[in-house]
Amino acid sequence: MIEFEALKAQTLDEAVNILDDKENEAKIVAGGTDLLVSIHNESEELKGLNYILDISSVKGLEIIEDNEDYLKLGALCTHSEIIDSVLINEKLPILRKAAQTIGSTQIRNRGTVGGNINNSSPAADLITPLIALGAAVVLHSSNGKRELPLSEFITGPYQNSRKENEILTAVKVPYLPTDYYNNYQKVQRRQAVAIARINLTVLTNIEKNKFKDIRIAFGSATPTAIRFSEIESELENTNINQIDYDKIQEKTGQEMIDITGERWSTPYKKPVVGNLLKRALQEIIKEVQ
Amino acid sequence: MDFKHVNKSEKRVDVYEKVTGKAKYGADMKFQDMLYAKVLYTEYPYAKIKNIDTSKAEKQPGVKAIITAEDIPNNEFGVIIENQQVLAKEKALYIGDGIAVVAAETAKQAKKAVEKIEVEYEELEGIYNPLKSREEDSKLVHEELEDNEVIHHPLRKGDIKNGFENSDVIIEREYDTPFIEQAYIEPEAVIAVPYQENSTVTVYGSVQNPFATQNAVATVLQEDLNKVRVVQNHMGGAFGGKDEVVSSLSARASVLALKTERPIKLVNTRDESIKESYKRHPYNMKYRIGATEDGKIQAMEIEAVADSGAYACQTPFVTWRSVVQATGPYEVENVKTDTYGYYTNNVYTGAMRGYGSPPIIFAQESLMDELAEELDMDPVELRLKNIYHNNSVTASGQKLDNHEVSLEEVLTKAVDKSNFIEKYKEYQKEQSGSKKRGIGLSISFRGCSLGAEAIDAAGIILSLKKDGSVTLYSGLAENGQGLKTVYCQMAAEELGLDTSQVNFMEVDTLISPDSGSTVASRATLIGGNAVKKAADNLIDKIKEYIADKYDQKEEDIVLKDGAIYGKKDVEIMKITEMASKAAMEGVYLTTYGWYVSPDISWDEETGHGNPYFTYVYGCQVAEVEVDTATGEIDVLNMTAAHDVGRAINPANVKGQIYGGVLMGLGYGVMEEVKTNNGYIENTNFDEYMIPTVKDMPDIEPIIVENPDPNGPYGAKSIGEPTLELGSAAIANAVANAANKRIRSLPLNLEKIIVGKNLSKGGDH
Ligand SMILES: Cc1cc2nc3c(=O)[nH]c(=O)nc-3n(C[C@H](O)[C@H](O)[C@H](O)COP(=O)(O)OP(=O)(O)OC[C@H]3O[C@@H](n4cnc5c(N)ncnc54)[C@H](O)[C@@H]3O)c2cc1C
């Protein structure tokens, strides 16, 4: 049985101080939808847990802020808040699409962006679009603040480079021109409350019927959500009416294997990543026409 | 027939407490000085227990007692074969076996103390595949036995050699189904109270079958039945799953209660529940079928092997239902069926809604579509050529001549309603895009009630109170299916009262007549007949009293609309008035009704006989969309036609259909308890997938009513038939859509794309 003391911070300073005070032994909790499950399961990595620090009331971390060329998404924004945000719906609709697929109403009401990122699951539904968007994370500690790209922050399955005295305060998400196309795909074992078997974000501009600045990020296919750069360059500048789907699909599967290696799940995932990409592209092309 | 109460969708009698949240379930109950118990489970699926050291645990704060197998007066129990350990004694035989149980002042203290128990194991190499454990030189799960066979049911009819010789087409197929968790929303919960009102022990809780649990506790304690009392609380579902496992919890709690002389509460977490509780049997089924080119079945040869896990539990009866129904509802002259159950070191298997039918219906109704394809015939036509009609003779030689055999009716109604024929043809054509639609169906016949498994009888007591209200005592139990309501409706119908004037409170072994278990979709049928008998006996008593007192002829007296009528249909008095007069005059107006089902027969050697006294018939159609790019299956809609004899409460029947269809969908598309060398990998609902509301298809229920001469008001069964058909209908729809025949459940993503299960440890 894991026993711990629960602490609560009202401000960022207070939270940072508690982390220092407890000599980095305090585990942050936001919505708790990942952490409480781990506590219940008495996960190995929580052995020796002494404190949890509840940051859910920390002021300023719940913001959705419109900046000139980027959106600042506070770490405490819930999936429901993303879905309900007029701003996000207008400027970054891919985030809304991804958030809508998460868990159930209850989970979406509690689960946060910060939790989704820090849990660093390869299947996390917000990470795939944020990677494609080139988002950066903002971390605060008593040493000050640092910022780094999300793709660098996440270092492995359920692993990231957060230092134990740091709190993730926000994600900065660069805006895309509004004429970009976006598409989100998620494969799941049932139609709700299911972790993605594979997820996919495609963002692209289309100029003169050609893909421009196409970005393709898969989740759950590789150890961390990642952009498939080979297939991106394959498609970049390709005419949307002249796609060799067989080739694209085969290459997508191959790129996954190049990154991940052969796994028990490869016979399933290899064809499906290609199929999913084809679907996403076709849906985008349909919108174009 | 003109009914006042039955055949009407009257309000459930237990609805108020349940929808207002007032209903108390097992885990809600509290008693003075109650202690909390926690079980230590084995670390290994199969291991010798060399030493158990409880000394550290005993010193933990709040700990009052710790028991091991040594403390259990009689450690082995079982409904059919007594070989289930209350706590593992020399060996742990499966991953859910308990080793020790702690009782402490708080649940937390009990949990902490459990962690301090030190057990020395010698891990043994177990056997986890029934196809291996049946081999002659296999290691034994129970060393005292000669082999691992729990049971073998043969059935022989005609001469299959001849039958196959006369066939133009012969196909052989193999099908597999997985372990399935009942997934009741309320995990197991019991409280054992020692020395209460002259009982040695009284057990409260989430008990599906109070008499089976009473029996198990008495056996374990070596106490007389009349000193062990079991009281059922409201149930948060059972689906067959709260029998032996709850008996085991009750036995453990009872031993601790007597040891500490304090009430003991034992409540499983979900993980404990999934790890410890018995599952639906996985089956491996080999089918061989021969037919003439015009589609008449000539012969069937079937071998079905079920995994019994560590204990016998219900395996002998589950596999018996399989042997009776293995050929499906088809006339076949030549049959050879063998069903088997074998021990392994997997989680043990027992009753779950369907009981031996869901696996074989998946196989045999998939097979029918495969045969139809081979014969280039449409699946409805092939079925119509072979199905049972009135006076058909079943595989066991039973002539179906005492009830309406309505297969053609249910099949036709479901086919028409779903527009099956047209859609089937449409979907057979090449479909563009990766999302393909398909439609499939399956049909079944199902023996009602226990059949030749055991004596099939039930009793009801009706007591007319002096204010005219009636108390109903039943040994068959409300498990959420709506039993209280239909019993009250039937009693009210007979007695000319309002349903609200009849009350069925709870099952308590102290006052309820032992009526066997609430299983096999038998309660409305068997218990309903007992309600009618008890009511008729009560009416006779009333008539006797009125005739004597008011100078009436008994044959002129009628009870209706809350009053008693005599000669020329003149009202004599209200029932309320009569009840009060009778009470004052010392007339005893309590009666019982005892119903014993009609004769049945079975010959274990040959599989001949009349195994059930009546049958129900059903047909389900599933329309699906298969995503051939991802392997996802969306079940769009399902049509379910079921002959229930008579729907005592049509709304409840529909409720059963909706729930059963969804459970069948789970079985078809996503559910699977994953075991890996005896360990269970998915012990909670994050990984054990059951359908959500979003997976719920549109469901079209069709209630077909052909009153059965042996049913109360003609009523038969509905609980289990609703679940057994879905998986085959979905598998057939997937084949229609994507031209992919999948012969193992569930039809998950990997099977649609790769054709087989993938798993970390390699292929299953
Ligand atoms: C039933 C169920 C269904 C789910 N379905 C999905 C799904 O479909 N898709 C999906 O992506 N996820 C799903 N999840 C996972 C989870 O809900 C999400 O990952 C959610 O976003 C986590 O947010 P949280 O605030 O609840 O995290 P918490 O549990 O509070 O925290 C998660 C981790 O992040 C750390 N953390 C949290 N906030 C911060 C911060 N600001 N700074 C530093 N560290 C922090 C915590 O210490 C912890 O390690 C599901 C979970 C459940 C229980």
Side-chain angles (χ1 to χ4, degrees), chain A residues 1-3 33-34 36-38 40-43 47 100-107 121 123 185-200 218 220-221 245 248-249 252-253 262-283 286, chain B residues 38 107-116 269-271 433-435 625 627-636 662 665-666 669-672 682-697 746-764:
Chain A
M1 192 158 45
I2 300 178
E3 283 188 277
T33 59
D34 278 317
L36 294 189
V37 177
S38 304
H40 175 82
N41 289 341
E42 303 184 7
S43 300
K47 293 270 151 70
Q100 276 172 327
T101 71
I102 293 177
S104 57
T105 307
Q106 296 92 320
I107 295 296
S121 157
Q185 301 285 337
K186 177 173 179 178
V187 181
Q188 44 190 7
R189 292 195 185 278
R190 66 178 171 200
Q191 298 183 28
V193 208
I195 301 301
R197 197 76 185 89
I198 301 179
N199 59 30
L200 164 67
F218 278 101
S220 235
Y245 282 113
I248 294 294
Q249 284 173 257
T252 311
E262 292 273 351
R263 298 271 173 96
W264 61 273
S265 56
T266 307
Y268 170 76
K269 288 187 176 173
K270 182 172 185 250
V272 175
V273 285
N275 294 343
L276 267 193
L277 179 59
K278 177 180 179 186
R279 172 166 299 163
L281 295 176
Q282 286 181 333
E283 285 177 9
K286 216 170 158 189
Chain B
K38 193 82 188 162
K108 209 165 153 186
Q109 288 172 335
K111 190 170 180 216
K112 278 189 152 177
V114 157
E115 290 171 4
K116 292 280 190 282
T269 64
R270 179 63 63 188
D271 296 276
S434 50
K435 292 188 178 172
E625 186 171 88
D627 188 336
T628 57
T630 64
E632 291 163 299
I633 295 174
D634 187 2
V635 180
L636 303 170
L662 197 65
L665 185 154
V669 178
M670 63 187 81
E671 291 188 40
E672 173 172 28
N682 44 356
T683 57
N684 214 324
F685 289 143
D686 55 342
E687 291 183 331
Y688 185 82
M689 299 262 128
I690 55 173
T692 67
V693 67
K694 291 234 178 157
D695 299 282
M696 180 101 178
L747 309 180
N748 58 21
L749 306 174
E750 290 80 4
K751 286 185 196 152
I752 299 286
I753 298 295
V754 192
K756 60 179 187 185
N757 251 356
L758 301 173
S759 70
K760 275 190 190 121
D763 299 350
H764 272 311

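Just so we're on the same page: letters track the sequence lines, and every chain starts at 1.
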Pair R190(A), T692(B): side-chain N/O donor-acceptor within cut-off below 3.5 Å: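 The criterion, which ignores hydrogens and geometry beyond distance, is not satisfied for T692(B) and R190(A).
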
E672(B)-N682(B) side chain donor-acceptor pair, cut-off 3.5 Å: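 On atom types as modelled, these side chains do not qualify, holding no pair under 3.5 Å.
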
[X] versus chain A, heavy atoms under 4.5 Å apart: side chain, backbone, both or neither?
X: M689(B); result: both
X: D634(B); result: both
X: E750(B); result: both
X: I633(B); result: backbone
X: T269(B); result: neither

Please classify the contact of [X] with chain B as side chain, backbone, both or neither, using a heavy-atom distance under 4.5 Å.
X: K270(A); value: neither
X: R197(A); value: side chain
X: Q185(A); value: neither

Ion pair R189(A)/E632(B), N-O distance below 4.0 Å: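 A salt bridge is absent here (no side-chain N lies under 4.0 Å from a carboxylate O).
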
Option in D627(B), D686(B), V669(B), N684(B) with maximal non-hydrogen atom pairs under 4.5 Å from chain A: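 Looking at each option in turn, the highest pair count goes to D627(B).
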
Among I753(B), D695(B), I690(B), residue most engaged with chain A (heavy-atom pairs, under 4.5 Å):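 Most pairs with chain A among the choices: D695(B).
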
Test item: K751(B) and P746(B) side chains (from C-beta on) under 4.5 Å apart, heavy atoms: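 Yes, at least one pair of side-chain atoms sits under 4.5 Å.
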
For the student: nearest non-hydrogen atoms of G274(A) and Q249(A), plus distance: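 Closest pair (atom of G274(A), atom of Q249(A), distance): O-CG, 3.3 Å.
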
NZ (K286(A)) with more than 12 external heavy atoms under 6.0 Å: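 No, the 6.0 Å shell around NZ holds no more than 12 heavy atoms from other groups.
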
Verdict with supporting geometry, K112(B) and E3(A), salt bridge (charged side-chain N to carboxylate O under 4.0 Å, His left out): CA-CA 11 Å; K112(B) 278 189 152 177; E3(A) 283 188 277; 2.7 Å; yes

